[in-house]
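Notes to accompany the following structure.
Computed over heavy atoms, backbone and side chain alike; hydrogens, waters and symmetry mates excluded.
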Amino acid sequence: MKAYLNHKKKQQFPAILLFIILFVTACSSTKYIQDYQSVVKNVEIDSVPKQYNEEALNYVQKDIRPAPRFGINVGLYNLFYGLFKTKAVGSPAPLLDSALVEISRSQIEKFLMSKGYFKAKVDAEIAVENQRADIRFKAQPGVPFSVNAVRYEIADSAMQKLYVASKEQFTHLRSGMQYDDDSLAYEREQIYELMKQNGYYDFLRPYVKFSVDSNLNNNKVNVSLQVDNPEGRDQHQIFTIGQTNILIAPTTDGFPQRDSIRLNPNSFRDIRFTDLSGHFRRNPIVRYDFLKPGDIYDIRNEALTYDRLYELNVFKNVKIDYLKAKDSSNRVEPLIRLIPQKRMSNRIEGEVPFNAGTVGFTLSNTYTNNNIFRGAERFEFQVKGGLQSRIGNGRSLFSEIYQRDFSVSANLAVPRLMVPFDVPLMGKSGMPFTTFSSSYVYSLQKDLFDRKVFLSSITYDWVETKSKRHSLTPLNFEYRFGGLLIDTTTVKGQELIAANLYNINLLDRRDITLGVKYTYTVNANKLLSNEDFIYFRGNIDMAGNLLQGLTSITGGNHDAAAGDYAKVFGLPFNQYVRPEVDLRYYKGLGGARQFVARLNAGAGYAYGNSRVIPFEKLFFAGGSNGVRAWQARTLGPGNYNRAERIPNEENRRTLYGIDQLGQMHIEANLEYRYMLLDKFFGAQLKGAFFLDAGNVWNINSNNGQPETTFKFAQLGNQLGIGTGVGFRYDVDFFVFRFDVGLKLKDPQFRGNDQWVIKKFFSGGQEFKDEYFRTHSPDGYRFVQYNFGIGLPF
């Protein structure tokens, strides 16, 4: 064995050395250029006012911007191009081009003038040595001009009154400010939006003009804002909405020749609905037309109609045109043309979850109908199954299957709130949904348990504002049944019960749950942005209170502590509360760089008719979205050590994934994200550094394992801590993620031995061998690999 390891090291060292030599050689930015060419190594803009320095750099042409000092774009480009003649990875070195330097100089000069430095001059200097070029732009900005006075010349008196009444809400144009072209452009855009929101359908941006007088000889300018009338008119016209035509194409291919289209001869409330496909009912579509007949034209209602009709997810194209009324009245008649998308689809998906000791597969088939009842209702029916098998120690693949799972589910989402009362303005900020869900889940773990759960619920989802979302499940019904497969007459069975009595008892319960759930989310719409914001998601799951009240009314007295439970239909019902919060801080650091801090915590507490929360409500730690240095369900609870609590190896196999759950969890994450490669096989490759900490705990005193119980004074001693790096392959529509986590501190050990990072760097193999001897079949892994789709948070 020793000889094999030495041979392996002898092979590895030359390979690593060869790669280092190749990469260092590739990092020579002048390797693949001609003798007369030079690589731009540095660009500097001197004497630009500090607040404009970063923005001025954006006017340097991209092809002559130097590569980041510590970036690897150029090195990888040269390496892949040199070895494989491909340009799909990284970016070539920026080459000096005097024409681009001149364009950049001119653009920087114009930029300074646009910021009020009317007398600005910019010179460019180029220094070349050993085919490496430094470019220096030296600015002489002069004194900035400020606005002396603002004059308003709005020909239409009604329009002038509207502008004067509204401008304080948006204007950047004020006397005494430093002159800025962007402020004028912003003012023009705001005036355009204001007029289009108040009935001025024909209003155009060119009606707004500015004249600037800089001949005051005191570094001041007078600005005149002019809003012209249409040619040949003494005022602008205000339009109202007339009759609306909603027209749905017969097929996904679009509309036939106009002459062959027959409109519905009838209209209701000035809305004519014509469905050439025959697949849609009127009300579900008309409900999200916000261009109401008789209302003043408002461009916001047009945008809102576009958004909601697309969000119905049944139309692949939405187009809104306007026809002016033939009677010369100030009315516009909307024509909303809709092309339906494919109605039904079937999706087959599979995944292969694996780790050092197990491998498995999951296969699912999902049928979707996006318009099952002709009202844009989304129906999904899914069948899913999978299994997990142990590998290693001479076993063949799937020779020892220890877990089987099967589920069937059906969901119906209706694009409105189905409640017995009117909800005003619903849909203004986002599409509301009512979702009916039912599912059956079966799980079998060899020699331990079989578990069957039937779930059914009704959920309302709605959007209060663009950043505030609500989800309420007023009816959540769960029926759990199944049982243990442990033979308690054997020594092994008795040892299993003794080793993990608390969780095993949960698996043996047959009960029902009737409760409510509520979730409140803030800023979920910003998660893909690079803004500075705080994300919050809080949810609470409560059950049993209604049933407890009803049983109390009937006069029944029960004592759950003594094993006497109130029952419904012969079954005990669960009573618990389970709150959870997810709080995050996102800080944009410019470009693709971002810092994220996250705190995620939750707890489940049983009371009244229950002594324990259901097994499925327990928490676990580790995994690709938590403490990433641990595999899911292998961290905690508390200072739990499997070998100490389960001395028998066979029992450890049987209880795998069952014993390391808890009634409470706390996780904290810090992550720094950055751009690694702008171009990587047609997408972007981004990187991340992270630090994770957390664990799960029990909070009930009757769990029989005091080392798993949460104690605030012992929090630092019970936290698992890990760090690592991540790679994200971003193809716009989704992100493939690969994270590598490294354990720093492991709470299953005691005292200073918790800092396992010391073992990683010294004596790691001996430590792992000893751990396997005492914890088999569990091996110790300092490094954990995580694959996923999407960002972890």
Side-chain angles (χ1 to χ4, degrees), residues 344-351 353 360-369 372-373 377-389 401-414 433-461 471 473-485 503-517 519 539 541-544 547 567-576 578 604 610 612-620 632-633 657-658 661:
M344 292 179 285
S345 64
N346 198 71
R347 184 177 72 253
I348 298 176
E349 295 177 309
E351 59 180 347
F361 74 85
T362 301
L363 188 66
S364 66
N365 184 88
T366 305
Y367 164 78
T368 304
N369 188 319
I372 189 169
F373 298 125
E377 305 89 354
R378 181 181 178 88
F379 174 75
E380 285 188 346
F381 181 78
Q382 183 186 75
V383 178
K384 184 176 182 179
L387 54 84
Q388 199 81 0
S389 173
I401 298 173
Y402 73 91
Q403 184 168 332
R404 292 176 171 86
D405 298 284
F406 172 79
S407 67
V408 57
S409 62
N411 298 290
L412 177 67
V414 181
F433 283 97
T434 301
T435 304
F436 301 88
S437 300
S438 289
S439 61
Y440 170 77
V441 180
Y442 171 78
S443 181
L444 169 67
Q445 187 155 330
K446 183 182 177 182
D447 299 330
L448 184 58
F449 72 89
D450 66 343
R451 188 77 167 158
K452 309 175 187 73
V453 184
F454 173 77
L455 306 99
S456 191
S457 65
I458 301 175
T459 301
Y460 298 111
D461 295 287
S471 180
T473 303
L475 176 62
N476 180 58
F477 175 77
E478 302 172 3
Y479 170 42
R480 296 175 177 83
F481 56 103
L484 295 176
L485 304 178
N503 286 355
I504 287 178
N505 281 340
L506 294 183
L507 292 168
D508 198 33
R509 280 176 61 89
R510 180 171 178 169
D511 52 39
I512 63 172
T513 297
L514 183 66
V516 299
K517 297 179 180 180
T519 301
N539 66 73
D541 180 359
M542 300 180 64
L547 294 179
K567 296 181 180 181
V568 175
F569 304 119
L571 292 173
F573 59 85
N574 292 304
Q575 191 171 6
Y576 63 87
R578 187 181 185 273
S610 293
V612 292
I613 63 173
F615 179 81
E616 291 78 11
K617 305 296 181 179
L618 294 173
F619 297 95
F620 66 87
R633 296 172 181 256
I658 301 299
L661 306 175

Heavy-atom side-chain proximity of [X] to [Y] below 4.5 angstrom:
X	Y	result
Phe454	Phe477	yes
Gln445	Ile658	yes
Phe406	Ser443	no
Lys384	Thr362	yes
Val408	Tyr442	no
Leu571	Asp511	no

Nearest 0.5 Å, what's the [atom1]-[atom2] distance between [X] and [Y]?
X	Y	atom1	atom2	answer
Leu485	Leu448	CG	CG	7.0 Å
Phe433	Ser471	CZ	OG	12.0 Å
Ile458	Phe436	CD1	CZ	5.0 Å
Ser610	Gln575	OG	CD	6.5 Å
Gln382	Glu349	CD	CD	7.5 Å
Asn346	Phe381	CG	CZ	11.0 Å

Does Arg347 make a cation-pi contact with Tyr367, if we ask for NZ or CZ under 6.0 Å from the ring centre and within 45° of the axis? no
Taking all atoms of both residues into account, what is the closest heavy-atom pair of [X] and [Y], and its distance?
X	Y	answer
Leu444	Asp450	CD1-CB, 3.9 Å
Ser437	Thr435	OG-CG2, 3.6 Å
Pro474	Tyr460	CG-CE1, 3.7 Å
Arg480	Pro614	CZ-CB, 3.6 Å
Thr368	Glu380	OG1-CG, 3.7 Å
Leu618	Arg578	O-NH2, 4.2 Å

Stepwise side-chain contact (heavy atoms from CB on, under 4.5 Å) test for Lys452 and Tyr440: CA-CA 7 Å; Lys452 309 175 187 73; Tyr440 170 77; 3.5 Å; yes
Taking atom types as modelled and ignoring hydrogens, do the side chains of [X] and [Y] form a donor-acceptor contact shorter than 3.5 angstrom?
X	Y	result
Thr473	Thr459	yes
Ser457	Asn476	no
Arg509	Asn574	yes
Asp447	Tyr402	no

Ring centroids only, cut at 6.0 angstrom: are Tyr479 and Phe481 within range, meaning strictly under it? yes
Kindly indicate, with the supporting measurements, whether the criterion side-chain contact (heavy atoms from CB on, under 4.5 Å) is fulfilled by Leu455 and Val441. CA-CA 8 Å; Leu455 306 99; Val441 180; 4.3 Å; yes
Checking Phe573 now: which residues fulfil ring-ring contact (aromatic ring centres under 6.0 Å, His included) with it, not counting sequence neighbours? none
Could you go through Arg451 and Glu616, starting from their C-alpha distance and side-chain angles, then the distance that decides it, and tell me whether this counts as salt bridge (Lys or Arg N to Asp or Glu O under 4.0 Å)? CA-CA 10 Å; Arg451 188 77 167 158; Glu616 291 78 11; 3.0 Å; yes
For side-chain contact (heavy atoms from CB on, under 4.5 Å), just list the numbers for Arg378 and Leu412, CA-CA rounded to whole Å, side-chain angles, deciding distance to a tenth of an Å, and then say yes or no. CA-CA 6 Å; Arg378 181 181 178 88; Leu412 177 67; over 6 Å; no
Pair Ser409-Ser439, side chain to side chain donor-acceptor pair (under 3.5 Å): steps then yes or no: CA-CA 4 Å; Ser409 62; Ser439 61; 6.0 Å; no
